[in-house]
Amino acid sequence: MQYPDFTALRITDADGVAWVTLSHPPLNLLDATLVPELKRFVRAVGDDTDVRVVVVQSDVPEFFSAHVDARFAADPAGFMALGADDTGTAQLNPMQHLMLSIRSLPQVTIAKLSGRLRGGGNELATAMDMRFAAAGRTWMSQLETRLGIIPGGGGTQLLSSLIGRPRALEAILGAGLYDTDTAERYGWINRAVPAGELDAFVADLARRIAALTPQQIAAAKAAVNAATGGDRLEEGLTREAQALGLVYPSPQAALDRTARYLDAGMQTRAGELDLEAVMDRAA
């Protein structure tokens, strides 16, 4: 299958592996351009019987995906418009729908991580079946509480299933930035791989999985989902959506704080390299 007409994604496929490169500089921000393209790709690849593995990576230096566009804090209608083409699961918001769609793909999905991924960027990675990160060059966070909300794109469900309740509460309520040593120890990522070896490691794994039959992949995913509760994700996302409704649309105080963050450099390359410090100064 061909994947034309994408502007924020570069997609190539060979030998049963689709390589999806996030190419939306300067931050790979999950905005009104990138989110609909990710949704469109997921809809298409789900029907592509030639693809058995999907690898998502970034070509933006220092960022896998920064986070969801913070301007949606003051634009709930614009945020919901990201789901204009969504079908089913009407109780889910557009980001939750994207994460459930990724998790529901018949293919094995792999996130190849380098740089920073916060908020929705981290949710995008945790929605995938596996995560491998460049050691010492990858940092991740669920930053939403600093914006006056909670993770609402699957983060409360996806992260909890990986690292457990106590550590998920630490990450969500503390909104700290985690390095690859800690993320690997917590189970947030499968493993940290030396940066110079990451491409070859992921390519080799993807090729080995792609050599399996679709029936093997489907059987393994179904059995593991049953063992880990992954087959109940939609129910958990529905509860997350209900909880998010307590804090979004955001109160005025949270909107004012987010505006200060944006004025101070949030969603600029320089600001996002040390976003926690930017938020501390602007709070």
Side-chain angles (χ1 to χ4, degrees), residues 1-25 28 30 34-61 63-65 98-115 117 121-135 137-138 140 158 162 180 183-184 188-225 228 230:
M1 183 182 295
Q2 299 297 311
Y3 297 94
D5 303 325
F6 288 91
T7 61
L9 302 177
R10 291 203 328 273
I11 302 163
T12 59
D13 63 277
D15 302 321
V17 182
W19 296 87
V20 182
T21 303
L22 306 179
S23 186
H24 188 42
N28 283 335
L30 289 160
L34 183 54
V35 172
E37 290 206 355
L38 283 167
K39 288 174 171 286
R40 182 155 58 92
F41 167 75
V42 171
R43 287 194 297 270
V45 79
D47 294 326
D48 191 339
T49 56
D50 292 329
V51 172
R52 294 187 175 91
V53 180
V54 176
V55 179
V56 179
Q57 58 191 357
S58 168
D59 71 356
V60 174
F63 296 95
F64 175 75
S65 175
L98 173 60
M99 303 314 163
L100 181 62
S101 297
I102 292 170
R103 184 55 66 88
S104 302
L105 283 171
Q107 294 92 353
V108 171
T109 54
I110 299 173
K112 186 171 76 174
L113 305 175
S114 183
L117 53 153
N122 183 68
E123 288 169 327
L124 178 63
T126 55
M128 297 181 204
D129 296 320
M130 308 176 201
R131 285 148 298 284
F132 300 96
R137 297 188 184 180
T138 310
M140 53 207 70
L158 298 164
L162 291 174
T180 51
E184 184 179 47
W188 199 321
I189 56 176
N190 286 58
R191 68 174 81 180
V193 180
E197 301 172 16
L198 181 62
D199 288 351
F201 176 90
V202 172
D204 178 67
L205 177 63
R207 283 193 294 266
R208 283 188 282 121
I209 296 172
L212 303 175
T213 67
Q215 292 80 7
Q216 286 176 287
I217 292 171
K221 290 186 69 167
V224 171
N225 281 345
T228 59

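In what follows, every heavy atom counts, from backbone to side chain, and hydrogens, waters and symmetry copies are set aside. No experiment lies behind these values; they were computed from the predicted model shown.
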**OP:** Could you walk me through whether Ile209 and Arg207 pass the side chain to side chain contact (heavy atoms under 4.5 Å, CB included) test, one step at a time?
**Re:** CA-CA 5 Å; Ile209 296 172; Arg207 283 193 294 266; over 6 Å; no

Original post:
What's the verdict on side-chain hydrogen bond (donor to acceptor under 3.5 Å, both in side chains) for Glu123 and Thr126, showing C-alpha distance, side-chain angles and the deciding distance?
Top reply: CA-CA 5 Å; Glu123 288 169 327; Thr126 55; over 6 Å; no

**OP:** Begin with the C-alpha distance, continue with both residues' side-chain angles, and end with the deciding distance and a verdict on side chain to side chain contact (heavy atoms under 4.5 Å, CB included) for Val54 and Val108.
**Re:** CA-CA 6 Å; Val54 176; Val108 171; over 6 Å; no

Original post:
Which is it for Leu9 and Leu34 under the side chain to side chain contact (heavy atoms under 4.5 Å, CB included) test, yes or no, and what are the steps along the way?
Top reply: CA-CA 8 Å; Leu9 302 177; Leu34 183 54; 3.7 Å; yes

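Partners of Asp199 according to the side chain to side chain donor-acceptor pair (under 3.5 Å) rule, which considers only residues two or more places apart in sequence or in another chain, are Lys112.
Between Phe41 and Phe6, the ring planes lie perpendicular to each other; the angle is over 60°, past the 30° to 60° tilted range.
At least one side-chain heavy atom of Leu38 sits less than 4.5 Å from a side-chain heavy atom of Leu124. Looking at Asp48 and Tyr3, their side chains come closer than 4.5 Å, going by heavy atoms from C-beta outward. Residues Val17 and Val51 form no side-chain contact, since every pair of their non-hydrogen atoms from C-beta on lies 4.5 Å or further apart.
Looking at Arg52, its side chain never comes within 3.5 Å of a backbone N or O of Ile217 through a donor-acceptor pair.
Within the model, atoms OG1 of Thr109 and CG of Asp129 stand 3.5 Å from one another, a figure rounded to the nearest 0.5 Å. Interatomic distance, OG of Ser23 versus CG of Asn28, reported as 7.0 Å (0.5 Å rounding). Between the CG atom of Asp59 and the CG atom of Leu22 there is a distance of 8.0 Å, given to the nearest 0.5 Å. Expressed to the nearest 0.5 Å, how far CD1 of Ile110 lies from CZ of Arg131 amounts to 10.5 Å. A distance of 4.0 Å separates CG of Asn190 from CZ of Phe132, quoted to the nearest 0.5 Å. Note: Arg10 CZ to Ser58 OG = 9.5 Å, rounded to the nearest 0.5 Å.
Atom CZ of Arg191 is surrounded by 12 or fewer heavy atoms from other residues, nucleotides or ligands within 6.0 Å. Other residues, nucleotides and ligands contribute only 12 or fewer heavy atoms inside 6.0 Å of the CZ atom of Arg137.
Closest approach of Glu37 to Ala8, counting heavy atoms only: OE1-N, 2.8 Å. Closest heavy-atom contact between His24 and Val60: N-CG2, 4.1 Å. Counting all heavy atoms, side chain and backbone alike, Gly46 lies closest to Gln107 at CA-OE1, 4.2 Å. Residues Lys221 and Leu105 share a closest heavy-atom pair of NZ-O, 2.8 Å. The minimum heavy-atom distance linking Glu184 with Ala192 is given by the pair OE2-N, 3.0 Å. Among all heavy-atom pairs drawn from Pro4 and Arg40, the shortest one is O-NH1, 3.8 Å.
Within the structure, every pair that satisfies the side-chain hydrogen bond (donor to acceptor under 3.5 Å, both in side chains) test and touches residues 11-22, not counting sequence neighbours, is listed here: Thr21-Gln57.
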